[in-house]
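Scroll down for the structure; my scribbles are underneath it.
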Amino acid sequence: MWTDVKKGVRWVLGTGPRRISMDPVFEAERLRREKWARILILLGLIFVVGAVYATPHLWRQLQNWRADRIGAEALRAWESGDGTEAGRLAVEAAQIAPRHPTVLLARARLAETDEPAEAVVAWERVLEQRPEESTYRIELAFALHRAGRIGEAQRALERAGEALRTARGQWIAGLVAAARGDTDRAQACLRQALALGLKDPVEARLALAALLIETPAHAEARGLLEPLEKHPRFGRRARGLLAEEARAAGDPARAVQLARTLVLPPGVEPEDQVRLTRLLVATQSWVALEEHIDALVPFARTNRKLAAVQLACLLELGRFVQAEGWLNDLPPEIRNSAEVTPLAARTAAREQRQEALLRETLRRGDWTGAEVAQVANSARLAEFEQRDRLRQERWQKAIAQAGADADKLRLLATLAQDWRWARERSQLLSVLATHPDARRSELHAWREAAAQQRDTSGLASACRLLLAAGERRTDVRADFVRAHLLLGLEPERARQTAAELYAQEPGQPAVVAAYAASLRRQRQPAEALAALDRAAAQGLRSTSLAFERALSLQALNRLEEAASAAVAARDEELMPEEIALLKALRAR
């Protein structure tokens, strides 16, 4: 067979042995036919080889074309509001070409509302293929915001370029700023989004109104919300915010009336029940609150989500005794569910007398997705059992499991506050303060914790971060001056801040004390004492003022008066460095 093949190849190529006819005409015709036969055979071979190699490529092109067409249909269905058809088409397109840009775009759009984690992955893959599309970075930032990854969302916005200046870019930037606690920037961005003509402005109006409710501009929030009361999709949310605005405006009756409309069928959500609970507490409607909670019990017995949300609300409001009783009324399958278990443990871990309930919750509860809380509560149980070394080991394990997850670190900080673990809470707040997803409220909490723990270094760091974030509160700036002068950090900036504060608010004891400390550090004790005398004439009294008076008198060599002034300075309100200075004064 191989011999026949070789003969055929030689014949096609014209290299084999030839039989030559004696008739010239016959020989010429034979050669002509052989030549065309060889040409046709070679063309056929070329076609076959080309078809073998080209067919997969052509098939891929065909599949990509089909996926592009179906993906585009899915996007059109999504834009028209037909989510079911859009989802079906997106799945079909993904089965054909899962990595096609149009398919990824369709899947990212569909996942935005219900699957933010999947949307993040899809937008990242879209950007891998089209990194030049700054608009897609805006969408990635939105998906990251929905997934709770606020720091990453901010970094995505910083790389968005011109797309950040669009109406949608400003809207998403406003949402991210609000999540970071930067309310001023959030308001500015949302206003700009509305001014630029946002395609669907309703959510931006709601977000802006939510920011304005707790400000003097809450009347503006009411103006934004009232036209949305009857909105088919956002009406319930608008009424909820209107209830919050009524509470902020000092109209509790209207607030409760609006909140009651939220818990009327159809479409009642657990969050609506919680909103009504909050408003009843805020307006001190205790009888109505008891009736409302009692009415919720039958629903919570069969609804794990409602039971969890309502219990979380009671804990946040500080009604721990009521939470314990309400928890005991729940059936075991609800109490031990993954939604309720961490809250049940938080309720039980408050007091030593609940040790048995905490042990039972740790043993029988479903801790799926809450493993960090499980380890932390086991540390609390070890404290109840007076096993301090085990407590420390388990607490450190919980911190290690939390890693860099800001939400888990916040949970641990909340638990530490519940359990009055001041040192552990302060340490967690210091970590959160430098986290990419840090909130301004956490910086304030760290500042307050550092002051309570007499941690001068922590107080200085917290104040420095707050000022860098744009904070202008008087007490923060005064603490900045106090801590930085005690530690000898940035003395020129501290002195300048003290002078600015004193020029603006000379009637605040903390400001006067910071200014006097600044003057004393500049070797101007007489000027410091003069400022303190003016404060005394105004009736201002505080430990910080007494401390500064004692040191200023000492610097002027008026030692007896200094010793007398030192008596009024209470050590429990002073930082360690200040106490050391007072001890040296009293020892003389």
Side-chain angles (χ1 to χ4, degrees), residues 426 430 433 443-444 446-536 540-558 561-562 565-566 568-588:
S426 182
S430 69
L443 293 174
H444 280 294
W446 183 28
R447 180 180 70 89
E448 293 166 3
Q452 292 172 358
Q453 291 293 304
R454 301 183 184 183
D455 178 6
T456 313
S457 178
L459 181 63
S461 298
C463 291
R464 186 164 56 251
L465 289 171
L466 279 166
L467 294 186
E471 183 60 70
R472 300 295 296 169
R473 274 175 42 178
T474 300
D475 55 345
V476 175
R477 295 160 72 195
D479 278 348
F480 172 86
V481 174
R482 178 187 185 188
H484 279 64
L485 288 176
L486 285 173
L487 297 173
L489 302 173
E490 301 183 78
E492 186 57 38
R493 182 184 177 191
R495 287 194 292 267
Q496 183 180 354
T497 304
E500 291 174 358
L501 277 174
Y502 190 70
Q504 295 167 2
E505 299 189 54
Q508 295 287 339
V511 171
V512 177
Y515 182 59
S518 173
L519 291 173
R520 179 173 53 79
R521 293 277 178 166
Q522 297 176 67
R523 301 180 185 275
Q524 300 177 34
E527 290 80 355
L529 188 59
L532 293 167
D533 286 339
R534 288 192 294 271
L540 302 181
R541 300 285 187 275
S542 76
T543 291
S544 295
L545 290 173
F547 168 77
E548 288 301 332
R549 174 174 290 278
L551 291 189
S552 297
L553 289 167
Q554 181 190 28
L556 293 169
N557 207 30
R558 295 161 60 177
E561 295 176 78
R570 298 191 297 178
D571 288 1
E572 60 269 20
E573 296 181 17
L574 296 175
M575 305 303 279
E577 294 82 358
E578 295 170 330
I579 294 173
L581 291 172
L582 272 189
K583 284 183 177 178
L585 171 62
R586 291 164 180 166
R588 295 185 60 173

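Values below: every heavy atom of this structure, side chains too, minus hydrogens, waters and symmetry copies. What you see is a predicted model; the values in this text were computed from it and never measured. Starting from 1, each residue takes its place in the sequence as its number.
- Remark: Asp475 engages Arg447, Arg473 in a salt bridge (charged side-chain N to carboxylate O under 4.0 Å, His left out) (not counting sequence neighbours).
- Across every non-hydrogen atom of Ala513 and Leu545, the tightest pair is N-CD2, 3.8 Å.
- Heavy atoms only, all atoms of each residue included: Asp533 and Arg549 are closest at OD1-NH2, 2.7 Å.
- Of the inter-residue distances, the one linking Glu577 atom CD with Leu487 atom CG reads 5.5 Å to the nearest 0.5 angstrom.
- Taken to the nearest 0.5 Å, the CG atom of Leu465 stands 11.5 Å off from the NE2 atom of His444.
- Annotation: side chain of Arg477 is not in contact with side chain of Leu466 (no heavy-atom distance under 4.5 Å).
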Start with the C-alpha gap between Met575 and Arg482, add the side-chain angles, then the distance that decides, and say whether side chain to side chain contact (heavy atoms under 4.5 Å, CB included) holds. CA-CA 10 Å; Met575 305 303 279; Arg482 178 187 185 188; 3.7 Å; yes
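- Taking CD from Gln496 and CD from Glu500, the interatomic distance works out to 5.0 Å, rounded to the nearest 0.5 Å.
- The shortest distance between side-chain heavy atoms of Cys463 and Leu459 falls below 4.5 Å.
- Across Leu489 and Ala460, no two heavy atoms sit closer than the pair CD1-CB, 4.5 Å.
- When all heavy atoms are compared, the tightest approach of Pro506 to Val512 is O-CG2, 3.2 Å.
- With no hydrogens or angles considered, a side-chain donor-acceptor pair links Thr474 and Glu505 at under 3.5 Å.
- For the side-chain contact (heavy atoms from CB on, under 4.5 Å) criterion with Leu519, the lone passing option out of Arg495, Glu548, Gln524 is Gln524.
- Within the model, atoms OG of Ser518 and NE2 of His484 stand 13.5 Å from one another, a figure rounded to the nearest 0.5 Å.
- Here the closest non-hydrogen pair linking Ala494 and Phe480 is CA-CE2, 4.2 Å.
- Residues Leu443 and Ala433 share a closest heavy-atom pair of CD2-CB, 3.3 Å.
- For the pair Arg464 and Ser461, the minimum side-chain heavy-atom distance is below 4.5 Å.
- Between atom CD of residue Glu578 and atom OG1 of residue Thr456 there is a gap of 7.5 Å, rounded to the nearest 0.5 Å.
- For the pair Arg454/Ile579, a side-chain contact is recorded, criterion being any heavy-atom separation below 4.5 Å from C-beta on.
- Between Leu529 and Arg558 the shortest side-chain heavy-atom distance falls below 4.5 Å.
- Taken to the nearest 0.5 Å, the CH2 atom of Trp446 stands 13.0 Å off from the CD atom of Gln453.
- For the pair Arg493/Leu467, a side-chain contact is recorded, criterion being any heavy-atom separation below 4.5 Å from C-beta on.
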